[in-house]
A.B. asks: 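After the structure tokens below, expect a handful of questions from me.
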Amino acid sequence: MAKTIAEINEKIASGNVCVVTAEEMSDIVDNIGAEKAAKEVDVVTTGTFGAMCSSGVFLNFGHSEIPIKITKMFMNDVEAYSGIAAVDSYLGATQVSEKLGIKYGGAHVIEDLICGKEVEVVAQSYGTDCYPRKELTTTITLDDLNQAIMVNPRNVYQRYDAATNGSKKIIHTYMGELLPDFKNVTYSGAGILSPLSNDPTYRTIGAGTKIFMGGAEGTVVGEGTQCSTASGYGTLMTTANLKEMTKEYVNAASFEGYGTSLFLGIGIPIPILDAEMAQATAVRDKDIEVSIKDYSIGKRDRPVVRNANYEELRSGSISLNGKDVTTSCMSSFKKSRDVAEELKRRIVAGTFLLGANTTTLPPKQSTKPMKETNKTPVVRDVMGEKVITVDESAGIIEAAGLMKQNERNHVSVLSNGKLVGIITSWDISKAVADGNTDTVNACMTKNVITCSPDETIDVVAKRLTEFKISAIPVIDSNQNVIGMLTSEHISKLFTRGKHE
Amino acid sequence: MKLKISFPEERVKSPILSEVIIKTGILVSIVSSHVDSKGGEIIIEVIDKSYEAIKDEFESRGVAVQLLDTLICRDEKECVDCGACISVCPSKVFGYAEDWSLTMDTQKCIRCGLCVGMCPHQALSIDGTDCE
Ligand code: SF4
Ligand code: SF4
């Protein structure tokens, strides 16, 4: 027989509730089956602790003696949006400091506030008859604010992609440092403990669901931004009182070469209404799929290198292109467990009651890409399509002949049809001047930097500058050379005006 | 033990390391090296009892030797046990314990610095500050 949330809350109030964590529930359902588990267990607690970039706080400062209608505000040099009435602002976690850059940002101001530290506030205005003051500097602590309400537009992603790097150089991303040539994989999310993976059809999670958030009791506002339930990437908008949060569950972070973010602990209690919910919460790491994507490709749709599940990722290494690659988690499983355990403790103690969701997430919703009216051209639009190649065993005279005949300064070098190098007119001049008239193989550059036809020109232009090269072979997904992009192609783009 | 050998700009071109090895007959394994026209830094590992002898030899050639007794260290108050550092370390210094807290085998550290940039919580350092 099905239970209701009201009945579960009565059990919580009377101290007779049975609460287990999502990890424990998987074993229970395996042992006694979903039907029986649904009778015995009332609530399953989930938990996650990781970077939630889309986080921030609404702050109310109260009115100054001579009132001000704040139009621009900085807190410890981090800008907080203040285009909301006179003395309210929204401080976002990823806004970075004007002076310190990505070492310190909104997330750090939030952590400082929680720790009771003083924060400097500098505000400006144009002044009005009713709000005459134009400038203000003060120092506040969390206690001085009337309200500090965390409202996070997009938290608790249902699924995360894992990241790797197929390029030749280390890249810095919100998934951490990714080593060249697929040498590491980083992933996020709590797998077996992940809130939305334990209720993947969002039966019990929606507006009104009560949650554990940063140590405080919070609520789900409703669907989060970029919520894409159709593809299994659901998100939630969440809120809780910053004044009730603790540093234990809220941590500022700075990712090298990327920026700041807020690590936040969120736990969602899942009411076990019936056997279907019991079955849903029996999910394990091996049931949750993750796509490992190549983050070196600067495009919205990054290529999937392979699919994996959390069990494989958590084992510490995974096979990529036939090699064992070390994996790292960007969110803390230990702290995710702490969150699920703490939420369980509060429910058992009767201090945390469940909230019934008044709406559910919109099913079958997908996310549109941005409408761009001024498109950046991609490599395919600009590259030289006539492919000139030479075999690595050819003599340099042959390569020089090809260059002259085709008026090129760069030729791709192949071995068995695959790209193995690039030879330039400069390489040939050097070889001749040194008295070498060897094969192409002996004079070419072997570590070739390449690009794909779908990458945008600005991204590839940056790569040319970075590696101090003037041409880059364009290869398709099968590693076949399909063109060459040179700095000349790029400069032509500008002289001929805007590209359509 | 690990030692940091710092070459000044004007000595970069001389084969000092080889001279010292031949002269002292001490076995040296090179852990890492960064040398360019502005000077160089080589991290080497030698057995403990060779330390004094090899130090004297380098110093007599105008090359500074620093004992690296502070390898990687972690500020436990800032660490959240995510494990992000695990996959970038070339020496497998980091790992997970049974309860998913971070473990460290500090002695394996070669001071490459990769994990310092990886840690989102700025909990790792190799400059000896913040260490117990
Ligand atoms: S400095 Fe390098 S070797 Fe040492 S722990 Fe960090 S990544 Fe590993
Ligand atoms: S990356 Fe930093 S916070 Fe994460 S486990 Fe390593 S030391 Fe701790």
Side-chain angles (χ1 to χ4, degrees), chain A residues 23 49-51 102-104 107-108 111 162-165 170 172-179 183-188 190 193 247-265 313-318 325-338, chain B residues 31-38 41 43 71-130:
Chain A
E23 278 185 281
F49 184 93
I102 63 170
K103 287 201 175 70
Y104 187 93
H108 296 82
E111 187 184 310
T164 186
N165 169 15
I170 187 163
H172 296 97
T173 70
Y174 60 85
M175 294 297 286
E177 280 173 354
L178 299 171
L179 306 177
K183 287 225 179 62
N184 68 338
V185 167
T186 62
Y187 64 99
S188 274
L193 281 172
K247 174 166 157 81
E248 207 185 336
Y249 302 108
V250 187
N251 259 274
S254 168
F255 289 86
E256 186 165 278
Y258 169 72
T260 60
S261 185
L262 192 69
F263 273 59
L264 187 62
L313 289 168
R314 234 184 263 296
S315 74
S317 102
I318 192 159
V325 176
T326 317
T327 58
S328 259
C329 191
M330 301 304 295
S331 30
S332 170
F333 192 69
K334 177 162 186 267
K335 287 231 165 201
S336 304
R337 255 191 194 164
D338 291 349
Chain B
V31 172
S32 71
S33 97
H34 300 279
V35 182
D36 61 26
S37 56
K38 284 188 222 52
E41 216 180 85
I43 313 270
L71 302 171
I72 189 67
C73 79
R74 170 171 64 140
D75 180 347
E76 285 181 20
K77 284 197 299 298
E78 290 303 322
C79 174
V80 300
D81 296 289
C82 57
C85 46
I86 294 174
S87 75
V88 290
C89 176
S91 294
K92 303 216 180 308
V93 167
F94 307 102
Y96 286 120
E98 273 289 284
D99 69 346
W100 296 99
S101 54
L102 190 77
T103 59
M104 286 171 78
D105 188 350
T106 314
Q107 283 310 312
K108 286 196 205 150
C109 174
I110 57 164
R111 296 174 52 95
C112 72
L114 272 172
C115 63
V116 175
M118 178 63 149
C119 175
H121 298 274
Q122 286 70 52
L124 297 170
S125 57
I126 43 172
D127 56 11
T129 54
D130 297 334

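No hydrogens, no waters, no symmetry mates; every other heavy atom, side chains included, goes into these values.
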A.B. asks: With only heavy atoms counted, which part of B:L102 is less than 4.5 Å from chain A, the side chain, the backbone, both or neither?
C.D. replies: neither

A.B. asks: Considering non-hydrogen atoms only, spot the tightest contact between B:W100 and A:K334 and give its length.
C.D. replies: O-CB, 3.5 Å

A.B. asks: Testing the basics here: between B:A84 and A:S328, what is the closest heavy-atom pair and its distance to 0.1 Å?
C.D. replies: O-OG, 2.8 Å

A.B. asks: Does any backbone or side-chain atom of A:R337 lie under 4.5 Å from a heavy atom of chain B? Answer side chain, backbone, both or neither.
C.D. replies: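 Just its side chain gets close to chain B.
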
A.B. asks: Ignoring hydrogens, what is the shortest heavy-atom contact between A:S332 and B:D81? Give both atom names and the distance.
C.D. replies: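 Looks like OG-O, 3.3 Å.
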
A.B. asks: Side chain, backbone, both or neither: which part of B:F94 has an atom under 4.5 Å from a heavy atom of chain A?
C.D. replies: neither

A.B. asks: With only heavy atoms counted, which part of A:V325 is less than 4.5 Å from chain B, the side chain, the backbone, both or neither?
C.D. replies: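 It is neither, since no heavy atom gets under 4.5 Å.
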
A.B. asks: Between A:A252 and chain B, which part of the residue has a heavy atom less than 4.5 Å away: side chain, backbone, both or neither?
C.D. replies: backbone

A.B. asks: If I take atom NE2 from residue A:H108 and atom CD from residue B:Q122, how far apart are they, to the nearest 0.5 angstrom?
C.D. replies: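 A:H108 atom NE2 to B:Q122 atom CD measures 6.0 Å (nearest 0.5 Å).
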
A.B. asks: Using every non-hydrogen atom in the two residues, find where B:M118 and A:E177 come nearest and quote the distance to one decimal.
C.D. replies: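 Nearest pair, atom of B:M118 first, then A:E177: SD-N, 2.9 Å.
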
A.B. asks: Please look at A:F49 and chain B and tell me whether the side chain, the backbone, both or neither of the residue comes under 4.5 angstrom of a heavy atom of that chain.
C.D. replies: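 When you check distances to chain B, only side chain atoms of A:F49 fall under 4.5 Å.
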
A.B. asks: Give the member of A:T260, A:D338, A:T326 that has the highest number of heavy-atom pairs under 4.5 Å with chain B.
C.D. replies: A:T326

A.B. asks: With a 4.5 angstrom heavy-atom cut-off, could you sort out which part of A:I170 is near chain B: side chain, backbone, both or neither?
C.D. replies: side chain

A.B. asks: Looking at every heavy atom in both A:M330 and B:P120, which two are closest together, and how far apart are they?
C.D. replies: CE-CG, 4.2 Å

A.B. asks: Side chain, backbone, both or neither: which part of A:K247 has an atom under 4.5 Å from a heavy atom of chain B?
C.D. replies: side chain

A.B. asks: Atom NZ of residue position B:K108 - does it have more than 12 heavy atoms of other residues, nucleotides or ligands inside 6.0 Å?
C.D. replies: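 Yes, enclosed.
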
A.B. asks: Can you tell me how far apart OG (A:S315) and OH (B:Y96) are? Round to the nearest 0.5 Å.
C.D. replies: 11.0 Å

A.B. asks: For the atom pair SG (B:C119) and CZ (A:F255), what is the distance rounded to the nearest 0.5 Å?
C.D. replies: 9.5 Å

A.B. asks: Can you tell me which portion of B:C85 sits under 4.5 Å from chain A's heavy atoms? Options are side chain, backbone, both or neither.
C.D. replies: backbone

A.B. asks: Please classify the contact of A:S331 with chain B as side chain, backbone, both or neither, using a heavy-atom distance under 4.5 Å.
C.D. replies: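 The answer is the backbone of A:S331.
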
A.B. asks: How long is the span from the OG atom in B:S87 to the CG atom in A:L178, to the nearest 0.5 Å?
C.D. replies: 8.0 Å

